[in-house]
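First the proteins, then the strands, lettered A, B, ... as listed; each starts at 1. Given the structure is predicted, the values throughout are model-derived calculations rather than measurements.
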There are 2 protein chains.
Amino acid sequence: MADNGPDISFERVALIGLGLIGSSLAWAMRARGLARDYVGFSRSEATRSKALELGFIDRAAASAAEAVAGADLVVVAVPVGASGSIAEEIGPHLAPGSIVTDVGSVKQAVVDAIAPHIPQGVHFVPGHPVAGTEHSGPEAGFAELFEGRWCILTPVQGTDPGAVARITALWRALGSEVDTMDARHHDMVLAITSHLPHLIAYTIVGTATDLESSLKQEVIKFAAGGFRDFTRIAASDPVMWRDVFLANREAVLEMLGRFDEDLTALQRAIRYGDGDKLEEIFAASRAVRRSILEAGQA
Amino acid sequence: MADNGPDISFERVALIGLGLIGSSLAWAMRARGLARDYVGFSRSEATRSKALELGFIDRAAASAAEAVAGADLVVVAVPVGASGSIAEEIGPHLAPGSIVTDVGSVKQAVVDAIAPHIPQGVHFVPGHPVAGTEHSGPEAGFAELFEGRWCILTPVQGTDPGAVARITALWRALGSEVDTMDARHHDMVLAITSHLPHLIAYTIVGTATDLESSLKQEVIKFAAGGFRDFTRIAASDPVMWRDVFLANREAVLEMLGRFDEDLTALQRAIRYGDGDKLEEIFAASRAVRRSILEAGQA
């Protein structure tokens, strides 16, 4: 970040979306003095007021278009299904030379939705900080959310290298490691590491919810046996996740198909009492855990 | 524990099995001075030596039969599939008036395997501390494991109430809440709160393991998106879990069938782009999480 590194400070940051990620990004940038001025917009008046009250934005704009006026960095941090309409609205108001980035958990659909609305001379750098908690909303944010986590950038061919370098340096300054890959590849990797786990967690919590009511009370009571970890994952923002599954349908269905085959094989091993097969499959899982610990991602 | 409460101190505790639960129980009892003498047995010589070295047992016995001789409390803490052969071995050596308990995650199968070998005048109180970590072995134990957790007892009709009261008081002294229920009911509750979550976690980790190797490396790298929680659950002891699924086959297959139907419904909603249905299912999960937080089990 010293001499000749990319410039990671900005004059005015416009945050479109003031939830967990938007607020955390603002706090993280503020903690490091990376922008002079923070303008925010959310469709919800209550969210805008809360963001002002918490103090992670200096000013709430009445529209997304107003928020981006004069901003040299625009961060789109809305559920991915809203990316297209936001881009359409802000497109004509983006300042020449400004950088637009996003934080969506799906990348190809977001690139398809946003890129057509970015005018010549504005740089679009799609991004995905692989970080989050089960909490959502403007009060859920905190400055350390991105520390030690990955941020994946998926710039399209021909994107200004200087803009990519600035966004890369920005995430590094916030404590993240940065990787760059193709948007479709990103969507496949995240389908198995994030989207499918959330889908499974939502499913099992739903299955438990539908139990006869006497059993259901005991599920809550004895949740410590493993179930509570799933409920934590399944407490994540419903609208955000709805959009993720709709936007990454193909990759999720592909991974879900593989999962379903594997589950059927385990079901069969249980039904026919094949203990050797069960033990073999279970033992292999430990090696994966060890690799994750070694990679410092646990 | 004061005047007239059940006596929770013992002269000699025999621990059959010296893994995570056995060692934690010993540490927890030692921390509270609840027994004079701790004798341990494990089939593995390395485990016996380690237990002596760590100091949670005073003496390692050469056989399970030798371990229980003269013990007034015997704790069977082995994978549930080994319960029957252990009970057969120790049965003739159990001291009159002693209490035998176990810690198995499945109860009906364990009752069926152990009870026939318990002689007249010895009291068998089947138990299941709903507590654990992803670590296993004698080094994994710690005195606080059971604090704030449930322990479920499933005594058969006609069991000496005094023995049940002593085991109840023992677990309470170790910081657990105690509930008593029918063994089959226990197995159904645990099938959904614990066994199915573990099966699902093992499956998804297995699915990721079978990916093309380039993708697999990235699964490790970007595990923070949700996958790592599953790998933690799936790092649990493979032999213990093999035995759980074999011993609780019917209840697990029943819950798995329900889960599978629910997953198919979600898959269909994704395929046909039914966002309302997805959001509705996801939103319901939050209420379950809230209940668990309120129940103090998160």
Fill in: Expected output: side-chain A:R228 to main-chain B:R289 donor-acceptor under 3.5 Å
no
Practice prompt. Heavy-atom pairs under 4.5 Å with chain A are the metric here; pick the option from B:G275, B:S194, B:P197 that has the most.
Written response: B:P197
Worksheet item: Got B:H185 and A:L215 here, is their nearest side-chain heavy-atom distance under 4.5 Å?
Response: yes
Worksheet, complete the sentence: Closest non-hydrogen atoms of B:S285 and A:A234, given as atom of the first, atom of the second and distance, are CB-O, 3.2 Å
Discussion item. Does any backbone or side-chain atom of A:S236 lie under 4.5 Å from a heavy atom of chain B? Answer side chain, backbone, both or neither.
Written reply: backbone
Worksheet entry | Top of B:K277, B:E212, B:E261 for chain A proximity - count of heavy-atom pairs under 4.5 angstrom | B:E212
Discussion item. When you compare the side chain of B:W241 with that of A:L278, does any pair of heavy atoms fall below 4.5 Å?
Written reply: no
Practice prompt. Could you give me the CA-CA distance, side-chain angles and deciding distance for B:L199 and A:L263, then say whether side chain to side chain contact (heavy atoms under 4.5 Å, CB included) is met?
Written response: CA-CA 8 Å; B:L199 188 70; A:L263 186 60; 4.3 Å; yes
Practice prompt. Please lay out, stage by stage, how B:T193 and A:E218 fare under the test side chain to side chain contact (heavy atoms under 4.5 Å, CB included).
Written response: CA-CA 9 Å; B:T193 54; A:E218 290 177 321; over 6 Å; no
Worksheet item: Which atom names give the shortest non-hydrogen contact between B:G226 and A:H198, and what distance separates them?
Response: CA-CE1, 4.4 Å
Discussion item. Just verifying a value: how many Å separate A:D243 CG and B:E279 CD, rounded to the nearest 0.5 Å?
Written reply: 8.5 Å
Worksheet item: Side chain, backbone, both or neither: which part of A:A284 has an atom under 4.5 Å from a heavy atom of chain B?
Response: neither
Discussion item. Let's test your reading of the structure: which of B:N248, B:L196, B:T264 forms the most heavy-atom pairs below 4.5 Å with chain A?
Written reply: B:L196
Worksheet item: Given side chains that start at C-beta, do those of B:F245 and A:L266 come closer than 4.5 Å, heavy atoms only?
Response: no
Worksheet item: Quick one: are A:S291 and B:K216 in side-chain contact, heavy atoms under 4.5 Å?
Response: no
Worksheet entry | pair A:D210-B:R258: side-chain heavy atoms closer than 4.5 Å | no
Fill in: side chain to side chain contact (heavy atoms under 4.5 Å, CB included) assessment of A:F230 paired with B:D229
CA-CA 9 Å; A:F230 286 74; B:D229 294 308; over 6 Å; no
Worksheet entry | Exercise: identify the closest heavy-atom pair between B:I292 and A:A223 | CD1-CB, 3.6 Å
Item to complete: Go through B:V189 and A:K221 one step at a time and tell me if the side chain to side chain contact (heavy atoms under 4.5 Å, CB included) criterion holds.
Response: CA-CA 10 Å; B:V189 172; A:K221 195 165 163 182; over 6 Å; no
Worksheet item: How many angstroms lie between CZ in B:F222 and CG in A:D179, if you round to the nearest 0.5 Å?
Response: 4.5 Å
Discussion item. Students often mix this up, so state it plainly: with edges at 30° and 60°, are the rings of B:Y202 and A:F282 parallel, tilted or perpendicular?
Written reply: parallel
Response to the item:
Nearest heavy-atom approach of A:S136 to B:R286 is OG-NH2, 2.6 Å
Worksheet item: Which atom names give the shortest non-hydrogen contact between B:L246 and A:D274, and what distance separates them?
Response: CD2-N, 4.3 Å
Worksheet, complete the sentence: In A:D260, A:D262, A:L256, the residue satisfying side chain to side chain contact (heavy atoms under 4.5 Å, CB included) with B:T207 is A:D262
Worksheet item: How long is the gap from CD1 on B:I200 to CZ on A:F259, to the nearest 0.5 Å?
Response: 4.5 Å
Item to complete: Would you give the length of the straight line joining atom CG of A:L293 to atom CZ of B:R232, rounded to the nearest 0.5 angstrom?
Response: 11.0 Å
Fill in: From CD (B:E250) to CZ (A:R271), nearest 0.5 Å
10.0 Å
